[in-house]
Protein chains: 2
Amino acid sequence: MLRMRKIAESTVRRLSLYLRFLEEFEEQGMETVSSEALAARGGTTSAQVRKDLSFFGSFGKRGLGYSVGELVLKLRDILGLGRTYRVAMIGAGKIGSALVQYRGFRNRGFDIVSIFDTDQAKVGKGWNGLVVKDLKELETELRRSPVEIAVIVTPGEAAQGVTDRVVALGVKAILNFAPIQLTVPDDVVVKTVNLALELETLSYALTNR
Amino acid sequence: MLRMRKIAESTVRRLSLYLRFLEEFEEQGMETVSSEALAARGGTTSAQVRKDLSFFGSFGKRGLGYSVGELVLKLRDILGLGRTYRVAMIGAGKIGSALVQYRGFRNRGFDIVSIFDTDQAKVGKGWNGLVVKDLKELETELRRSPVEIAVIVTPGEAAQGVTDRVVALGVKAILNFAPIQLTVPDDVVVKTVNLALELETLSYALTNR
DNA sequence: CGTAGCATGTGAAATGTTTCACAAAGATAG
DNA sequence: CTATCTTTGTGAAACATTTCACATGCTACG
């Protein structure tokens, strides 16, 4: 695979979408698909699809389209989904709880291997096959059993603190649900899911019509 | 306020961020703030801040900066946060549950007024001050007590169906947590929060370093 | 085997977004 | 009141992304 720098975030997100659609098509027994068909499913244009893919190679056959199966494999490879990732969940509140039970995590190779919380009422409780550990044990635990990804589901006030701690432990990717802007070193990737932001863009859209 | 068409989504998201920071500053008793200071807090540049604001007017004083209080009001107005929105939650599963209890909703003027589910074990149960209603009652309920926003927290298979139903009932904004791409008329706004997508962009970033 | 048709891959053009850089406005200090 | 300093608001430049359009290669069919 070509590994060019600077692929746009929007491109990566679309690739992830295409992958979802291709898996659908695969289940339906389709063997090939045109950029046009893929675009129609995803609400974009065929040129966009072809351009997105062209950053990574040329996977189609002129006059025919793309092999669904082949393209699924290619996209999994490009997105780095050919392996499993070990994930620590920091925070065992409502959202943490919901996420641990979300099948999408494990299904796609994201393996939650530990859960932490400061609330002594939760510590020690079995939780979907895992035991909630005291946040004090974070260093001990993650040294014994390292993870690649941390999901931060703490209150806003606590988020930067635990972020610093997991970064010190070598975590290079963070999925943040706390409603704050995290500061991390350049080599750490953060994705923030910020409910308030989504609601407010909806509000803006409702207002300006 | 100037209402120009075509403000970039990225601009609106930043405005929402600025608002959060300004509220922080306000609590700390700051009276004015420079674009530089606001940018530093938000990880962007002062030129970006000034450009974002300039789409809507000119709110600052040269040599001094922006009045924190005034800018808060302006941004709330721009984002349409001067009112409350009525929200229906469709789906009372784990994520729905977590969202209903999320204070950020009500705090920011998003009032959850009804919750629906198909699961008879949930229907009729009290739920954070609300009663879960049978999804069959959706039309009756939303006609009696209309909402502006629907939050969709159903399984993927059910999402398009309920979307069509709420759209038919006049809902113009949807926050979608189901892992699928919803199809709606042009005058309806959809924001999708897609966990799988976020995880896969993290995976991509981890792979390509 | 040749021709018609289809769909890719990709430079080039168009469009969109961010950054630069500076004139103008106001603040501050002496 | 003047000189100096700060910070805005904004065109213009730089950069990024999307769309266009078409040559090229492959398929299919007679």
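Look at A/Ser58 and you won't find any side-chain N or O under 4.0 angstrom from OP1 or OP2 of C/dT8.
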Exercise for review: Any chance you could list the contact pattern along nucleotides 13-18 of chain D? Use B for base contacts, S for sugar-phosphate-only contacts and - for none, protein heavy atoms under 4.0 Å, 5' to 3'.
Suggested key: ----SS
Practice item. Do nucleotides 25-30 of chain C as a string where each nucleotide becomes B, S or -: B if the base has a protein heavy atom under 4.0 Å, S if just the sugar-phosphate does, - if no protein is that close. Key: BS----
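In this structure, CG of B/Leu53 is placed 17 Å from P of C/dT17, rounded to the nearest angstrom. As a whole-Å value, the separation of B/Tyr66 OH from D/dT6 P is 17 Å. In this entry the distance linking CZ of B/Arg50 with P of D/dT6 reads 15 Å, nearest Å. Protein atom CD of A/Glu70 is 14 Å distant from nucleotide atom C1' of C/dT8, rounded to whole Å.
Look at A/Asp52 and A/Arg14 and you find a salt bridge, because one of the NZ, NE, NH1 or NH2 atoms lies within 4.0 Å of a carboxylate O, short of that distance. A salt bridge is defined here as a Lys NZ or Arg NE, NH1 or NH2 lying under 4.0 Å from an Asp or Glu carboxylate O, and B/Glu200 with A/Arg20 meets this definition. The pair A/Arg83-A/Glu148 meets the salt-bridge criterion, since a charged nitrogen lies less than 4.0 angstrom from a carboxylate oxygen. Taking the charged nitrogens against the carboxylate oxygens, A/Glu137 and A/Arg143 have no contact shorter than 4.0 Å, which rules out a salt bridge.
Both tests do not hold together for B/Arg108 against B/Phe105: distance to the six-membered ring centre under 6.0 Å, angle to the ring axis within 45°.
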Practice item. Dump the intermediate steps for side-chain contact (heavy atoms from CB on, under 4.5 Å) on B/Tyr85 and A/Ser203, then the final yes or no. Key: CA-CA 8 Å; B/Tyr85 291 93; A/Ser203 167; 3.1 Å; yes
**Study point:** Intermediate values then yes/no, side-chain contact (heavy atoms from CB on, under 4.5 Å), B/Tyr66 and B/Lys74
**Key:** CA-CA 11 Å; B/Tyr66 301 87; B/Lys74 278 291 179 194; over 6 Å; no
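Environment of NZ in A/Lys191: crowded, with over 12 heavy atoms of neighbouring residues, nucleotides or ligands closer than 6.0 Å. Atom CD of A/Gln28 has more than 12 neighbouring heavy atoms from other residues, nucleotides or ligands inside a 6.0 Å radius.
Scanning residues 31-43 of chain A for heavy-atom distances under 4.0 Å to DNA chain C yields A/Ser34, A/Ser35.
A distance of 7.5 Å separates CD1 of B/Ile78 from CG of B/Leu71, quoted to the nearest 0.5 Å.
Contact detail for B/Val167 and B/Val184: the closest heavy-atom pair is CG2-CG1, 4.3 Å.
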